[in-house]
Amino acid sequence: MTQAFRIEGADRRGRWVVTCDHASNHVPPEVAGGDLGLPPEDMNRHIAYDVGAAGVSLRLAEMLDAPVILSEFSRLVIDPNRGEDDPTLCMKIYDGSIIPANRHADAAEIDRRLDLFHRPYHRALGALIEGRDDPVIVSIHSFTPQFVGRPPRPWHVGVLYAGDTRLAYPLIARLRAEPDLCVGDNEPYSGHLPGDALDRHAVQPGRLHVLVEIRNDLIATPAQQAAWGERLAPLLDAALKNAEV
């Protein structure tokens, strides 16, 4: 059976926990024989995974002396960053592309995918967090420079949050002090998504946390991904010092 996740650096003892919910565009053979019916160009773009986010997460975790958990299945199989009752949990159309293998996915099929991938990922993430003293969670995502038919997005990086701004606001301030960055405050998305991964593992338990979105054309290569991981680490550490309560 396909592993739903991988964890790197489980023995690292830093306070941070790095998560990458949309690390992979892999379609496991347990779902539609490993083929959702999309052409390779669709499976290699943002609708299938967060382009570049895995590489950033891995390097960032090294820099923070932190463990990192990465999903091992495409968000189009089942989205680990959605609550189980979210209507976008299993997308049938995304940014102009119909997902053939999802068109007729009924409640039983969605529950099967939850059991195979979504629930194991969240059990592992919960155990990783619970096994650490006073953990702080940073979730790494990426976004496309432009949706089909929409205006270009100007931000290089965005910081997302819901009601808890203890870490988000200091990080936004640190990023905005960087002269070459256009920084989004809850852009290009809102950080308030009830039932998502951070809501479940950080907001509801009251843990310090933040979600970082990086525009994916800036992290297209391994070198760019490593550079962003190295850039974010000291900014996150500095923001954490400001966020202490």
Side-chain angles (χ1 to χ4, degrees), residues 3-24 50 53-72 79-84 117-142 157-175 186 189 191-214 225-226 228-245:
Q3 180 78 356
F5 61 89
R6 67 178 167 121
I7 294 173
E8 300 285 344
D11 58 346
R12 296 174 188 151
R13 298 319 304 166
R15 196 176 161 194
W16 292 92
V17 175
V18 181
T19 73
C20 191
D21 301 322
H22 299 144
S24 175
D50 280 358
V56 175
S57 298
L58 288 164
R59 183 60 180 143
L60 176 64
E62 290 177 345
M63 296 293 295
L64 293 173
D65 191 33
V68 56
I69 183 168
L70 306 101
S71 66
E72 290 281 76
D79 194 332
N81 194 35
R82 295 294 183 272
E84 292 194 14
F117 308 112
H118 190 284
R119 289 167 183 153
Y121 175 81
H122 282 282
R123 283 195 296 269
L125 174 52
L128 185 63
I129 294 169
E130 291 289 347
R132 310 187 76 79
D133 295 329
D134 199 16
V136 182
I137 304 162
V138 55
S139 185
I140 300 297
H141 292 254
S142 71
V157 59
V159 176
L160 276 56
Y161 54 90
D164 185 349
T165 60
R166 291 175 295 169
L167 187 53
Y169 282 178
L171 181 59
I172 290 169
R174 294 281 176 175
L175 287 165
N186 256 344
Y189 311 105
H192 181 62
L193 190 60
D196 72 356
L198 276 184
D199 182 62
R200 177 173 175 175
H201 296 284
V203 175
Q204 293 183 37
R207 298 184 177 110
L208 281 172
H209 65 280
V210 71
L211 189 151
V212 178
E213 291 264 6
I214 306 167
Q225 294 156 23
W228 267 92
E230 292 163 9
R231 184 175 194 175
L232 284 173
L235 298 175
L236 283 162
D237 274 336
L240 180 57
K241 289 178 182 177
N242 291 136
E244 291 291 3
V245 293

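Quick caveat: nothing in here was measured; it's all calculated off a predicted structure.
Under the rule for a side-chain hydrogen bond (donor to acceptor under 3.5 Å, both in side chains), the partners of R119 that lie at least two apart in sequence or sit in another chain are E84, D111, D115. Partners of S71 under the side-chain hydrogen bond (donor to acceptor under 3.5 Å, both in side chains) rule, at least two apart in sequence or in another chain, do not exist in this structure. For D133, the salt bridge (charged side-chain N to carboxylate O under 4.0 Å, His left out) criterion is met by no residue, not counting sequence neighbours. Residues satisfying the salt bridge (charged side-chain N to carboxylate O under 4.0 Å, His left out) test with R231, not counting sequence neighbours, are E178, D180. Qualifying side-chain contact (heavy atoms from CB on, under 4.5 Å) partners for A162, counting only residues two or more places apart in sequence or in other chains: H192. In this structure, Y121 has no ring-ring contact (aromatic ring centres under 6.0 Å, His included) partners at least two apart in sequence or on a different chain. For N242, the side-chain hydrogen bond (donor to acceptor under 3.5 Å, both in side chains) partners are R174, not counting sequence neighbours. Applying the salt bridge (charged side-chain N to carboxylate O under 4.0 Å, His left out) test to D50 and every residue at least two apart in sequence or in another chain returns R75. Under the salt bridge (charged side-chain N to carboxylate O under 4.0 Å, His left out) criterion, R132 pairs with no residue, sequence neighbours left out. Shown here are the side-chain contact (heavy atoms from CB on, under 4.5 Å) partners of L240, two or more places apart in sequence or in another chain: R15, W16, V136, L167, L208, E244. In this view, H118 and H122 satisfy the ring-ring contact (aromatic ring centres under 6.0 Å, His included) rule, not counting sequence neighbours. Taking R59 as the reference, E62, E230 meet the side-chain hydrogen bond (donor to acceptor under 3.5 Å, both in side chains) condition, with sequence neighbours excluded.
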**Report entry** Intermediate values then yes/no, side-chain contact (heavy atoms from CB on, under 4.5 Å), D196 and V203
**Finding:** CA-CA 10 Å; D196 72 356; V203 175; 6.0 Å; no
Report task. Determine, step by step, whether V138 and L171 satisfy the side-chain contact (heavy atoms from CB on, under 4.5 Å) criterion, reporting the C-alpha distance in whole Å, the side-chain angles of both residues, the deciding distance to 0.1 Å, and the verdict. Result -> CA-CA 11 Å; V138 55; L171 181 59; over 6 Å; no
Requested in this report: Could you please spell out the steps behind the side-chain contact (heavy atoms from CB on, under 4.5 Å) verdict for L160 and L198?
Outcome: CA-CA 10 Å; L160 276 56; L198 276 184; over 6 Å; no
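Looking at D199, its side chain never comes within 3.5 Å of a backbone N or O of L193 through a donor-acceptor pair. Without hydrogens or angle criteria, D65 side chain to R12 main chain gives no donor-acceptor distance under 3.5 Å. Side-chain N or O atoms of R207 include none that pairs as donor or acceptor with a backbone N or O of A202 at under 3.5 Å.
Contact between V17 and A66 at its shortest, heavy atoms only, is N-CB, 4.5 Å. When all heavy atoms are compared, the tightest approach of N81 to A197 is OD1-N, 3.2 Å. Between A10 and P67 the shortest heavy-atom distance is CA-CB, 4.1 Å. The nearest pair of heavy atoms linking P170 to A239 is CB-O, 3.7 Å. The shortest heavy-atom contact between A4 and P120 is CB-CB, 4.0 Å. Taking each heavy atom of G229 and L60 in turn, the nearest pair found is O-CD1, 3.5 Å.
Between atom NE2 of residue H201 and atom CD1 of residue I69 there is a gap of 8.0 Å, rounded to the nearest 0.5 Å. Note that the CG atom of L125 and the OG1 atom of T19 stand 6.5 Å from one another [nearest 0.5 Å]. Separating the CG atom in L70 from the CD1 atom in I7 is a distance of 9.0 Å, to the nearest 0.5 Å. Note: I129 CD1 to R200 CZ = 10.0 Å, rounded to the nearest 0.5 Å.
Side-chain atoms of M63 and L236, non-hydrogen and from C-beta on, never get closer than 4.5 Å to each other. Proximity of Y161 to N186: side-chain heavy atoms (C-beta onward) are separated by under 4.5 Å at one or more points. With a 4.5 Å cut-off on side-chain heavy atoms, L175 and V212 do not count as touching. Two residues are said to be in side-chain contact when any heavy atoms from C-beta on lie closer than 4.5 Å; H22 and P80 meet this criterion.
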